[in-house]
Amino acid sequence: MNTERKVSSQLRGFARRLVAEGLMEEQTAIDACTDAADQGLTILAWMIKNKGVDSVALATAASAEYGIPTIDIRAVDLALAPVSLVDENLIEKHNAIPLYLRGNSLFLGISDPTDQEVIDAISFSSGFRVEPVIVVVDQLTNAIERILNSANPVFDDFEDDDGLDGLDFQDGDLEAGDDSADSAVDETPVVRFVNKVLLDAIRKGASDIHFEPYESSYRIRYRLDGVLSTVASPPIQMSRRLSSRLKVMAGLDIAEKRIPQDGRIKLNLSRRKSIDFRVSTCPIMFGEKVVLRILDSAATQLGIEGLGFEQQQQDVFHNSVLKPYGMILVTGPTGSGKTVTLYTALNILNDDGRNISTVEDPVEIRVVGINQVQQNAKQGMTFARALRSFLRQDPDVIMVGEIRDLETAEIAIKAAQTGHLVFSTLHTNDAPQSITRLMNMGVPTYNITSAVNLVIAQRLLRRLHKCKIPDDMPAEALMQAGYGKDEIADLKIFKPVGCPDCHEGYRGRSGVFEVMPITDAIGKIVLEDGNAMRIAEQAREEGINDLRRSALNKVAQGVTDIIEINRVTKD
């Protein structure tokens, strides 16, 4: 039985109830009322915004205070909700959802029934009289997400256990020179099978899909957390049908099978979410291999905290991104996460006050607010030519997909020296080698030291899933891996196990970085034409972790294991 507290006369209405029911301290409620008044909010709206009270208790108290019923939206069949009566933008903007219609009354799920503006807007949009019903704010948000992100109907009739039983083909119907497959690319079973492969890849978090024909077999592989694994082996007779279907989806010439082609597929997963696929075809001995790179713009919205930097590395990176000019280089092999790192930096800077331009080959992720140019050497749009154009268009921030030659390097460095912030990539093994790569291209050392602020080398490590268990590795093996004697005593490491929710004991990936600012001491070595070994030695003296040391730290933190860091970094 609730015993109401005595409440100061300073408090009125809903705030008084919250204190009386023991949901808030009196002074906290007084301060909340003051802050809410300053922001022009009701106390209930302030509580919802600032999560001042448990959401379930808040909804119950609001129901008692305002005499409005509550409902557990988890028990409502949202498929029957009259959502179409209200514009989706209003649902998302006001965090309110139509639940059911009775006569001329539309019952509206809402967390703040005191917000008359929302009720009026929904009433005007729908043409019905609105009756508010209180829903716990967390449940309401989740329900709206489910409604607005409901799956595209193209996948609704394709269950997870659907296989190839519905595919109708005959042996030998795809002999060389037979284009019958091209006329069958719209055959429903083939369409449904390709859709399922794409959707499964997205669900599993794959980064690439490989469609590979061989002499007497065909396989489809996903790259999951950086490792390829076979997921399907359809009959070889499907080879041309599958490649033709993918080429149609990507807008490529299905009759051209002798030369590589590149295209793009846009797949709408829901009303608000879409995924892009970069498509590459290549003629091989027994057909066409097709590789799809999955481009999810959400990956670039991780935020700097989600990349995997150590705290000191993150601070150095963030400070360099906020500098008004200079060059930041990111290096690593293909698939090491360079694009995500670069776009994380660009998203930090992407506002109305900056002009950001990029030239890439290809443009993988499209971002509103950034002027993106596709490199096309055949048509004369090279990296160097695009850079020259950018410099005539009042730039603040420039990103060059890759520095491949001296001309591009010189223009990029000139831009960094003349008040612009420049981002680019190189393909080298570590940060010190990036500096020597520029030197070998012919860039003068004094230009390198005056322009380059920071060099980042990176790799992607598979993260251990929560099913991991402690690993009892001998001290000798740990020392051989790179740990010192003083580290081993308190070191607790883990190894993968595997469960239905992960892939071979791993799930997701984390970046591992070498973040090397060009300090005065490193700059002096560069000016003396020092090699990568001298630069690396100086970096170690300055406390800069190389890739191996950063990877060992990830093992010590329980993020990954010794086997994984041996796969991606050298001892």
Side-chain angles (χ1 to χ4, degrees), residues 1-76 81 83 86-100 105-126 128-148 303 305 351-352:
M1 181 176 179
N2 281 345
T3 303
E4 291 197 356
R5 299 180 179 181
K6 290 184 179 180
V7 185
S8 168
S9 59
Q10 289 181 260
L11 292 172
R12 295 284 187 273
F14 188 54
R16 184 181 184 87
R17 176 178 291 274
L18 293 175
V19 175
E21 294 186 1
L23 297 175
M24 291 190 77
E25 294 298 326
E26 185 171 311
Q27 188 57 52
T28 304
I30 292 172
D31 294 341
C33 288
T34 302
D35 194 30
D38 291 342
Q39 296 182 39
L41 299 174
T42 65
I43 185 62
L44 176 54
W46 188 94
M47 290 293 171
I48 292 170
K49 178 182 177 182
N50 294 279
K51 299 181 179 178
V53 173
D54 174 74
S55 57
V56 175
L58 186 67
T60 303
S63 176
E65 178 69 20
Y66 302 112
I68 296 173
T70 61
I71 190 170
D72 187 344
I73 202 169
R74 295 171 297 183
V76 176
V83 179
V86 179
D87 186 89
E88 286 181 6
N89 293 327
L90 285 178
I91 293 174
E92 184 176 16
K93 177 181 177 182
H94 296 303
N95 210 40
I97 185 169
L99 296 177
Y100 49 91
S105 295
L106 179 64
F107 288 83
L108 183 73
I110 190 170
S111 54
D112 181 8
T114 66
D115 194 338
Q116 192 60 44
E117 180 183 347
V118 174
I119 293 172
D120 291 343
I122 301 293
S123 178
F124 180 80
S125 174
S126 65
F128 292 91
R129 183 166 59 88
V130 168
E131 296 286 351
V133 180
I134 297 175
V135 180
V136 175
V137 62
D138 301 333
Q139 297 178 12
L140 181 62
T141 301
N142 290 336
I144 290 173
E145 283 295 317
R146 290 201 306 273
I147 285 289
L148 296 183
E305 297 82 6
D351 57 39
D352 287 344

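Side chains included, hydrogens not; waters and symmetry mates left out as well; all remaining heavy atoms used. These numbers come from a predicted model, not from an experiment.
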Practice task
Take V130 and I110 through the side chain to side chain contact (heavy atoms under 4.5 Å, CB included) test and state the conclusion after the steps.
Solution key: CA-CA 11 Å; V130 168; I110 190 170; over 6 Å; no

Exercise for the section: Start with the C-alpha gap between T42 and D115, add the side-chain angles, then the distance that decides, and say whether side chain to side chain contact (heavy atoms under 4.5 Å, CB included) holds. Expected result: CA-CA 8 Å; T42 65; D115 194 338; over 6 Å; no

Practice task
Hey, could you give me each pair passing side chain to side chain donor-acceptor pair (under 3.5 Å) that has a residue in residues 54-64? Not counting sequence neighbours.
Solution key: S55-D138

At their closest point, which heavy atom of [X] faces which heavy atom of [Y], and how far apart are they?
X	Y	result
I144	A96	CD1-N, 3.6 Å
A59	T70	O-CG2, 3.8 Å
G109	V135	CA-CG2, 3.8 Å
R129	S105	NH2-OG, 2.8 Å
F107	V133	CD2-CG2, 3.9 Å
N95	T141	ND2-OG1, 3.5 Å

Working to the nearest 0.5 Å, report the span between [atom1] of [X] and [atom2] of [Y].
X	Y	atom1	atom2	result
I122	E117	CD1	CD	11.0 Å
L41	T114	CG	OG1	9.5 Å
D31	E26	CG	CD	11.0 Å
W46	D38	CH2	CG	11.5 Å
T28	L23	OG1	CG	12.0 Å
R16	I43	CZ	CD1	14.5 Å

Problem - ring-ring contact (aromatic ring centres under 6.0 Å, His included) pairs, two or more places apart, involving residues 49-76 - result: F14-Y66

Are any non-hydrogen side-chain atoms of [X] and [Y] less than 4.5 angstrom apart?
X	Y	value
V136	I73	no
S111	L44	no
L18	M47	yes
D112	V118	no

Practice task
Please answer whether the main-chain N or O of I119 pairs with a side-chain N or O of S123 as donor and acceptor at a distance below 3.5 Å.
Solution key: no

